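Heads up: the structure comes next, in structure tokens.
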Amino acid sequence: MSTTPVGAERMFTAECDQQATLTVYLDDDPDPVYQSDPGVQEVSYTFESAPLGQHMVRVVAANENGTGENYWNWNVYQYADCHVLSGGPYLDFFIRHYRCGSSGCAGGARGGSGAMPYAWKMR
């Protein structure tokens, strides 16, 4: 899980091991916040902030082999008035890594059209 205070920028970067069009979504909104050009293997997107609460940042890779996706859980929180963080904002995150095989996706990765083998590097 990525943790960021309200009002702080947060960049999410995902890398796929195949050339694809990479699309970034926030929560369950069907409209993407960003879509790359076709044929890339990495996408970065900076959110200026998000509302207080739990969010999901999802990246979908699509090419002629099919689709695959991965996601972050993102917690946006607000400091109490009396709390001062001397070292600045901190990140505490956990990324689940899923690999999609030719027989479909397992382990919680959401499916797409076809089975696209992929490996993600997310930061």
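Because the structure is predicted, anything quoted here is derived from the model rather than measured.
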Candidate pair Val59 and Asn70, rule side chain to side chain contact (heavy atoms under 4.5 Å, CB included), full reasoning: CA-CA 6 Å; Val59 178; Asn70 213 327; 5.8 Å; no

Can you check whether [Y]'s main-chain N or O pairs, donor with acceptor, with [X]'s side chain at less than 3.5 Å?
{"X": "Thr13", "Y": "Ser44", "value": "no"}
{"X": "Asn75", "Y": "Gln54", "value": "no"}
{"X": "Asn63", "Y": "Asn65", "value": "yes"}
{"X": "Gln78", "Y": "Val6", "value": "no"}
{"X": "Asn73", "Y": "Met56", "value": "no"}

Stepwise side chain to side chain contact (heavy atoms under 4.5 Å, CB included) check, Val60 with Leu22: CA-CA 6 Å; Val60 177; Leu22 301 174; over 6 Å; no

Identify the two heavy atoms, one from [X] and one from [Y], that lie closest to each other, and give their separation to 0.1 Å.
{"X": "Ser49", "Y": "Gly7", "value": "OG-N, 2.8 Å"}
{"X": "Arg58", "Y": "Glu69", "value": "CD-OE2, 3.0 Å"}
{"X": "Thr67", "Y": "Ala62", "value": "CG2-CB, 3.7 Å"}

Flag for Gln35-Thr23: side-chain donor and acceptor within less than 3.5 Å: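 Looking only at side-chain atoms, Gln35 and Thr23 do form a donor-acceptor pair, the distance falling under 3.5 Å.
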
Steps toward side chain to side chain contact (heavy atoms under 4.5 Å, CB included) verdict (Leu26, His55): CA-CA 7 Å; Leu26 181 62; His55 301 280; 4.0 Å; yes

Atom pair CD/OG of Glu42 and Ser36 - distance to nearest 0.5 Å: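 Atom-to-atom, Glu42:CD and Ser36:OG are 11.0 Å apart.
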
Interatomic distance, Gln19 atom CD to Glu64 atom CD [nearest 0.5 angstrom]: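 Rounded to the nearest 0.5 Å, the CD-CD separation comes to 8.5 Å.
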
Residue of the set Tyr25, Trp74, Trp72 for which ring-ring contact (aromatic ring centres under 6.0 Å, His included) holds with Phe47: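 Of the listed residues Tyr25, Trp74, Trp72, the ring-ring contact (aromatic ring centres under 6.0 Å, His included) partner of Phe47 is Trp74.
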
Steps toward side chain to side chain contact (heavy atoms under 4.5 Å, CB included) verdict (Asp37, Thr21): CA-CA 6 Å; Asp37 291 327; Thr21 300; over 6 Å; no

Heavy-atom side-chain proximity of Tyr45 to Phe12 below 4.5 angstrom: no

